[in-house]
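A note on names: the letters A, B, ... follow the listed sequences, proteins ahead of strands, and every chain is numbered from 1. Atom set for the values below is all heavy atoms of this structure, side chains included, hydrogens, waters and symmetry mates excluded.
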2 protein chains.
Amino acid sequence: MDEGSAADRVRNRAKRVSMADVARLAGVSSQTVSRVSNGHPGVVASTRQQVLAAMRELGYRPNSAARALKRGEFRTIGVVLFTLSTTGNMRTLEAIATSAAQEGYAITLLPVAAPTHDEVRGAFTRLGELAVDAFIVIMEVHLLDAATVALPPGVQVAVADSNAGDRYSVVDTDQAGGAGAAVRHLLDLGHRTVWHVAGPEESFAAQRRADTWRAELAGAGRPVPPMVRGDWSADSGYRAGLRLAEEPDCTAVFAANDQMALGVLRALHEKRRAVPEEVSVVGFDDIPEAGSFLPPLTTVHQDFAEVGRQLVQGVLRQLRTESTEPGTTLVPTRLVERSSTAPPPGGTPR
Amino acid sequence: MDEGSAADRVRNRAKRVSMADVARLAGVSSQTVSRVSNGHPGVVASTRQQVLAAMRELGYRPNSAARALKRGEFRTIGVVLFTLSTTGNMRTLEAIATSAAQEGYAITLLPVAAPTHDEVRGAFTRLGELAVDAFIVIMEVHLLDAATVALPPGVQVAVADSNAGDRYSVVDTDQAGGAGAAVRHLLDLGHRTVWHVAGPEESFAAQRRADTWRAELAGAGRPVPPMVRGDWSADSGYRAGLRLAEEPDCTAVFAANDQMALGVLRALHEKRRAVPEEVSVVGFDDIPEAGSFLPPLTTVHQDFAEVGRQLVQGVLRQLRTESTEPGTTLVPTRLVERSSTAPPPGGTPR
DNA sequence: GATGGGGATGTTTACGCAAACATCCGATGC
DNA sequence: GCATCGGATGTTTGCGTAAACATCCCCATC
C-alpha cells in the first residue's frame, strides 16, 4: 500500500536532525545554532556550550546540500578522466586528491567509459549537473576540443596532458625536456642513433615525446630510424622489442613509458641481446618498479605530485578570481640513471 | 528588460540560470521545466521542445544542491582510502567509479593522509559533512575499528580489505583461495616446501595470505620455512629475494604480490639462481605487467572489477533497504600459469 | 448539449541553512 | 535619570527544486 510504505519509509528513515531540532533542545534560535556551527563570533560561551551539547546529543551533522544551496558553492572539484589504469593518471589523481583535501575541497570522480567524443560530451553534461565548483580534465586534447561546446559556462577548468594552453590552464610534465634528456643521454654514451617505441597516436604526451625524439636526433645530425608504435602496455612494448631485436644496428632504444620499456627488455632478453652491453634502453615515468627491472631501468622521472598540486592550485586560483588563466605550466623532469644504459658495443664510434 | 538581465548574466557569470529563468523564456511554469528536466511524462511534445530550446539558449544546468536538498539524497558515494598507490586500491577504485556511474551515482574521494587513527577519524568526520549518501572504505580493519565511534548514523557503509564482516558489509578477494592455489601449485610441481615473502603486518590481505600459506603447508605435512616480510614494494621483494637466494634448499617462493615477486626475480637473477629451472616464483594480483616479467610471472589473478562492482551493489542495496547487511562476500581468484614455475631441479623428490 | 473524466499545466509549499535585518538588554556617558 | 551604544540573540527571508495539490480544457459519452 502506498501510504503504508511511505509511512514506513518515514518511520525507518533516520530522519535527519536539523538545526531546528538542535535549537529546540538547546533552547535557542536556529540562527544561533548556525553561528555556532560555523564558528561565528558573537555567541556567549555558555550558549555555545549548550548548543554544542545539544548537537552531540542529537548527533547533528550539517546538511551540505542546504549549505551549498545557500552559499552557492560546493567546495568540490570534479575530475574527468578516461582511465585510472595508467600510472600517470593514477598518480596525478592521487596528488590532486591530496592537494584538494588540504584546501578543504573534495574530489568527485567522473570516469569516462570510452575515449569517444560522445562519451566525453556525456561526461561533461553530467559534470555540469554535478555538485562541483570547478573541474580538472585529464584527457587528450582532441577529445576536449570536441566537448568544449558542452562546457558549462562559469565553471573553471584546468587540464592535464594537453596542448590547449591557449584556452585553458594547462599543467603538464615537461615532455620535451624529459624526452630530450633521454635521447641526449643515449647519444652522449656514444650511440650513433636512438630508436623510439612511441605511445598511442591519440596521446598528446606520446606525440610530444616522439616529436622531441625526432627533433633531437635531427638537431644532432643523426639518422632518424623508423618509429615503432605501441599502446603504453608492456605487451605492446614486447612486440616492439621483438621487431627492434631484428635490427642489427639498433643499440639504443627510448621507450615512451616504463611499461613498454619492460616489454622491450623482455623481448631483447628472449632474443639474446644483452642489456645494456649490446642494447641500451631508456624509459619514461619512473614507476616504482622501474628500479627492479632486469636490469634496473634508466628512465625519466615525472613529478606527478607536483602536476596534481599545480592543477589544484590553478583551478582554485581561477575560482577565486573568477577568471580563466590560459597558459601552460611545465613541471620539470629528471633523468634517473640506472643500469639499462651503457656505451654501445665496440665503444664510441664517433 | 530581457536584454538587461541577459547582459547582467553575461557580466556577472556567477549568476546561474534557474528553472524560473527557463520557465519565463519558454512561457511555461517552472514546474513544467522541472518535469522536462526529470523526464517525467505528461508534458506534450511541443511544450517539451519549447522548454528544451529555452534550456539550450540559456545554458541551463540544474542546481544539484537544491535538487539534493529537495530529494534528500545526493546520489553520491564517498570512498575513503589511504592511498591510491597500490595496484589493488587503484583498480578497485576504478571499478567502483565505473560501477557507480552506471547506477547514476558519483564518487567522492576522501584520501587519508596517513593511516593513523586520528587521520581516519578526521576523515570520517569530514565525510559526515560531505554530500554523500553512503560510503565505501578501503582500509585495514583496525583503523576502521578506531574510527567507528565517529561513523555518522544512518549512513551505509561497505568495506574492502577487512575482516569486519560481523559488523559491515565486506567484499574481498578470496585471499585464502588464491594463496592456497598458489601454494598447492608449487607443491604439485614437486617442491618439498614453499617459502613466503609476506606483505606488511598491518595489511589484512597480507595476513590472510600468510596464514593460508602456513596452513596449506602444515596440511600437507611439509616443513614451514621462516617467513620473510616485505612492504609490498619491489624493493622490499628484492631484499627478500637476496635473502632467499642464500638458502640452498629454497626452490619455490610465493610472494604476496607481483611487485615483490618482481624484486625476488631480480635478486635471484643477480645471484645466478635461474628461474624457473632452480627456483620457482609465484606472485599475487596479476598486474598488467606480470606477463612481461623475466620470466613471465605465474600469479594469482584478482578480479578487482568484480570487487568494486560488489561493493557498489552492496552499498546501494543497503541504501535502498535502509538496513545494514553485515557479512562477507568473497570474489574468487584464478591462478594464471606463466613461465616462472617448474618442477624443482632434480625432478620430483617425492 | 450537458456531463464527467483525464491529461496537461499551473500554484503552493517545504527542504535546511545562513545572510540580512530586527530586537532586546545591560552598561556607559552625560 | 535618560539617551545611547553595542553585543547577544531572535525573526524573516530566499536560495532552486520537486512533491502535492489545484486548475483548466478538450474530448468522449450519453
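For S29(A), the side chain to side chain donor-acceptor pair (under 3.5 Å) partners two or more places apart in sequence, or in a different chain, are T32(A). For A65(A), the side chain to side chain contact (heavy atoms under 4.5 Å, CB included) partners are N63(A), A68(B), L69(B), F74(B), not counting sequence neighbours. Applying the side chain to side chain donor-acceptor pair (under 3.5 Å) criterion to R35(B), with sequence neighbours excluded, gives no partner residue. Contacts of S37(A) classified as side chain to side chain donor-acceptor pair (under 3.5 Å), with partners at least two apart in sequence or in another chain: R67(A).
Closest to the T32(A) side chain, of the nucleotides dG10(C), dT17(D), dT9(D), is dT9(D). With dT17(D), dG10(C), dA8(C) as the choices, the nucleotide that has an atom nearest any side-chain atom of S29(B) turns out to be dG10(C).
Comparing the helix axis at one end of the helix from dG1(C)-dC30(D) to dC30(C)-dG1(D) with that at the other, each defined from 5 consecutive pairs, gives an inter-axis angle of 50° (nearest 10°).
Across the protein-nucleic acid pair, F74(B) atom CZ and dT17(D) atom C1' stand 14 Å apart, rounded to whole Å. Atom CD in E73(A) sits about 17 Å away from atom C1' in dG16(D), given to the nearest Å. Distance, R24(B) CZ to dG10(C) P: 14 Å, rounded to whole Å. Between M19(B) atom CE and dT9(C) atom C1' there is a gap of 14 Å when expressed in whole angstrom units. Rounded to whole Å, atom C1' of dG16(C) lies 13 Å from atom CE of M55(A). For the pair D21(A) CG and dC15(C) C1', the interatomic distance rounds to 13 Å; values are reported in whole Å. Atoms CG (L69(B)) and P (dT13(C)) sit 18 Å apart, rounded to a whole Å.
Closest-nucleotide positions on DNA chain C for A45(B) and R67(A) were compared, and the one nearer the 5' end corresponds to A45(B).
Residue contacts shown for V43(A) are limited to sugar-phosphate atoms, with no base heavy atom under 4.0 Å away. When heavy atoms are screened at a 4.0 angstrom cut-off, S37(A) is found touching no nucleic acid atom at all. Counting any heavy atom pair closer than 4.0 Å across all strands shown, S30(A) reaches no nucleic acid atom.
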Using a 3.5 Å cut-off and no angle test, enumerate the donor-acceptor pairs between side-chain atoms of residues 311-318 of chain B and protein atoms at least two apart in sequence or in another chain.
from    : atom 1 : to      : atom 2 : distance (Å)
Q313(B) : NE2    : E103(B) : OE2    : 3.1
R317(B) : NE     : E325(B) : OE1    : 3.2
R317(B) : NE     : E325(B) : OE2    : 3.2
R317(B) : NH2    : E325(B) : OE1    : 3.1
Q318(B) : OE1    : E325(B) : N      : 3.3
Q318(B) : NE2    : V157(B) : O      : 3.3

Per-pair distances, 0.1 Å, donor-acceptor, side chain in residues 39-55 of chain B, under 3.5 Å, sequence neighbours excluded:
from   : atom 1 : to     : atom 2 : distance (Å)
R48(B) : NH1    : V43(B) : O      : 3.4
R48(B) : NH2    : H40(B) : O      : 3.1

For residues 90-101 of chain B, tabulate all N or O donor-acceptor pairs below 3.5 Å that involve a side-chain atom, not counting sequence neighbours.
from   : atom 1 : to     : atom 2 : distance (Å)
T92(B) : OG1    : G88(B) : O      : 2.6
E94(B) : OE1    : S85(A) : OG     : 2.8
E94(B) : OE2    : T83(A) : OG1    : 3.0
E94(B) : OE2    : L84(A) : N      : 3.1
T98(B) : OG1    : E94(B) : O      : 2.9

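With hydrogens and angles disregarded, no donor-acceptor distance shorter than 3.5 Å links the side chain of D21(A) to the backbone of V17(A).
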Report each atom pair, protein N/O against N/O of nucleotides 19-24 of chain C, whose distance is under 3.5 angstrom.
from    : atom 1 : to     : atom 2 : distance (Å)
dA19(C) : N6     : Q31(A) : OE1    : 2.8

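Looking at V28(B) and V33(B), their side chains come closer than 4.5 Å, going by heavy atoms from C-beta outward.
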